[in-house]
Amino acid sequence: MIKLIHVLLFGLALISMPLFANRNYKIVSIEKVNSKPESVNKKNTTLKKWEASPDGIQYKKWKASPEGKKIHANYNKIKKNLAGFLPMEAIVTSVTFQRTNAKVSGPKWLIVKIKGEKYMIQYALKDFEKLKSFKVNDKIILKSRNAGFSPNHPYLIISGDYIAKNNIILFQRDFSKNNHC
């Protein structure tokens, strides 16, 4: 009789284990689903606060201005290349561009023309050393993953992640340092 009770209890435990394991899994997955809208709401709240700040108001005015509209239109011309990390043929138009009131030891800028429009590429001094040989009208191949908008700059700012000239790679950003960010 005792053996029969043990066998029945053991069988009941075996049958009920997957049910309890599945129940716990469902609870975890519901918690994960519910946590996503909170982060989206938090981002939206943060964005709304920024838009109400003086910087946000200035940015919205700039975005609606002719200069802002032109820069956003230029972004639309190359956004497929950015999204796919596809090569873009560019012509160097300036290697000496400097923002007004810029520090002499500040970042260096490369101005290029892609599809008839001018774009800016910013580099730290040590990275720009590799690009010192560029001259105006040099043709290069550029790859980038993203671009930035700024009311303080006359052109769209592209991150120059890869630059080649005459099939020789002159610059390639190392993403292994910061988990591909």
Side-chain angles (χ1 to χ4, degrees), residues 32 36 39-40 42-44 46-48 50-51 53 55-181:
K32 286 183 181 178
K36 288 182 183 178
S39 63
V40 171
K42 186 176 180 181
K43 285 180 185 179
N44 289 340
T46 304
L47 179 63
K48 287 179 183 179
W50 178 81
E51 286 175 342
S53 73
D55 288 340
I57 292 168
Q58 180 186 358
Y59 178 79
K60 284 198 274 186
K61 285 180 184 176
W62 170 79
K63 189 176 176 180
S65 73
E67 296 87 13
K69 287 179 181 179
K70 179 164 178 46
I71 288 175
H72 278 80
N74 290 348
Y75 170 75
N76 287 331
K77 285 184 177 182
I78 63 168
K79 72 179 178 182
K80 287 182 183 176
N81 294 76
L82 297 175
F85 196 62
L86 301 173
M88 298 177 274
E89 188 174 297
I91 298 172
V92 177
T93 61
S94 175
V95 293
T96 58
F97 179 83
Q98 212 172 6
R99 284 181 39 204
T100 54
N101 301 330
K103 298 176 187 174
V104 175
S105 62
K108 297 294 182 183
W109 297 89
L110 187 65
I111 308 296
V112 297
K113 191 178 269 191
I114 302 169
K115 299 180 181 181
E117 299 296 337
K118 288 186 178 181
Y119 298 88
M120 301 175 79
I121 307 170
Q122 178 183 347
Y123 291 96
L125 288 174
K126 65 177 181 140
D127 294 334
F128 197 76
E129 291 294 320
K130 301 171 188 174
L131 308 175
K132 273 187 166 180
S133 66
F134 283 157
K135 294 178 178 57
V136 174
N137 293 325
D138 279 351
K139 290 185 180 181
I140 60 173
I141 300 298
L142 169 71
K143 290 183 186 179
S144 178
R145 287 184 170 82
N146 54 46
F149 304 96
S150 172
N152 300 326
H153 296 81
Y155 310 112
L156 182 69
I157 304 164
I158 299 175
S159 68
D161 300 327
Y162 169 96
I163 294 181
K165 180 180 172 187
N166 299 328
N167 293 327
I168 299 171
I169 299 171
L170 300 174
F171 180 80
Q172 190 165 5
R173 196 170 311 276
D174 182 13
F175 289 99
S176 64
K177 296 177 190 172
N178 51 3
N179 296 329
H180 307 292
C181 292

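Predicted model only: the values in this text are computed from it and were never measured.
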Checklist line | Audit row: Phe149, Lys63, side chain to side chain contact (heavy atoms under 4.5 Å, CB included) steps and yes/no | finding: CA-CA 9 Å; Phe149 304 96; Lys63 189 176 176 180; over 6 Å; no
Next item on the list: Calculate, to the nearest 0.5 Å, the distance between atoms CG and OH belonging to Asn152 and Tyr59 respectively.
Entry: 11.5 Å
Checklist line | Spatial distance of atom CG (Asn81) from atom CG (Leu142) [nearest 0.5 Å] | finding: 9.0 Å
Check: Near Lys113 NZ, under 6.0 Å, is it more than 12 heavy atoms from other residues, nucleotides or ligands?
Finding: no
Margin query: Can you list everything that forms a side chain to side chain contact (heavy atoms under 4.5 Å, CB included) with Leu47? Sequence neighbours excluded, please.
Written below: Trp50, Glu51
Notebook entry, point to check: Taking C-beta and beyond as the side chain, do Asn74 and Tyr155 meet within less than 4.5 Å on heavy atoms?
Noted result: no
Next item on the list: Locate the shortest heavy-atom distance separating Gly160 from Ile121; write the atom from each residue and the value.
Entry: N-CG2, 3.6 Å
Next item on the list: Using the test side chain to side chain contact (heavy atoms under 4.5 Å, CB included), find all partners of Lys61 that sit at least two apart in sequence or belong to another chain.
Entry: Ile57
Table please: side-chain donor-acceptor pairs of residues 88-97 below 3.5 Å, with sequence neighbours left out.
residue: Thr93; atom: OG1; partner: Ile111; partner atom: O; Å: 3.1
residue: Ser94; atom: OG; partner: Thr96; partner atom: N; Å: 3.3
residue: Ser94; atom: OG; partner: Phe97; partner atom: N; Å: 3.3

Next item on the list: To the nearest 0.5 Å, tell me how far Tyr75 OH sits from Tyr119 OH.
Entry: 11.0 Å
Item checked: side chain to side chain donor-acceptor pair (under 3.5 Å) partners for Asp161, two or more places apart -> Ser159, Arg173
Notebook entry, point to check: Which distance, rounded to the nearest 0.5 Å, do you find between the CG of Asp138 and the CG of Asn166?
Noted result: 8.0 Å
For residues 65-72, which side-chain donor-acceptor pairs fall under 3.5 Å, sequence neighbours excluded?
residue: Ser65; atom: OG; partner: Trp62; partner atom: O; Å: 2.5
residue: Ser65; atom: OG; partner: Glu67; partner atom: OE1; Å: 3.2
residue: Ser65; atom: OG; partner: Gly68; partner atom: N; Å: 3.2
residue: Lys70; atom: NZ; partner: Glu117; partner atom: OE1; Å: 2.7
residue: His72; atom: ND1; partner: Gly68; partner atom: O; Å: 2.9

Note to self: Run the salt bridge (Lys or Arg N to Asp or Glu O under 4.0 Å) test against Lys139 and tell me which residues pass, sequence neighbours left out.
What the structure shows: none
Next item on the list: Only counting residues at least two apart or in another chain, list the ones meeting side chain to side chain contact (heavy atoms under 4.5 Å, CB included) with Lys143.
Entry: Phe85, Pro87, Tyr162
Next item on the list: For the pair Lys115 (side chain) and Lys77 (backbone), establish whether a donor and an acceptor sit closer than 3.5 Å, ignoring hydrogens and angles.
Entry: yes
Check: For the atom pair CD (Gln122) and CD1 (Ile157), what is the distance rounded to the nearest 0.5 Å?
Finding: 7.0 Å
Checklist line | Spacing of Ile163 atom CD1 and Leu131 atom CG [to the nearest 0.5 Å] | finding: 5.0 Å
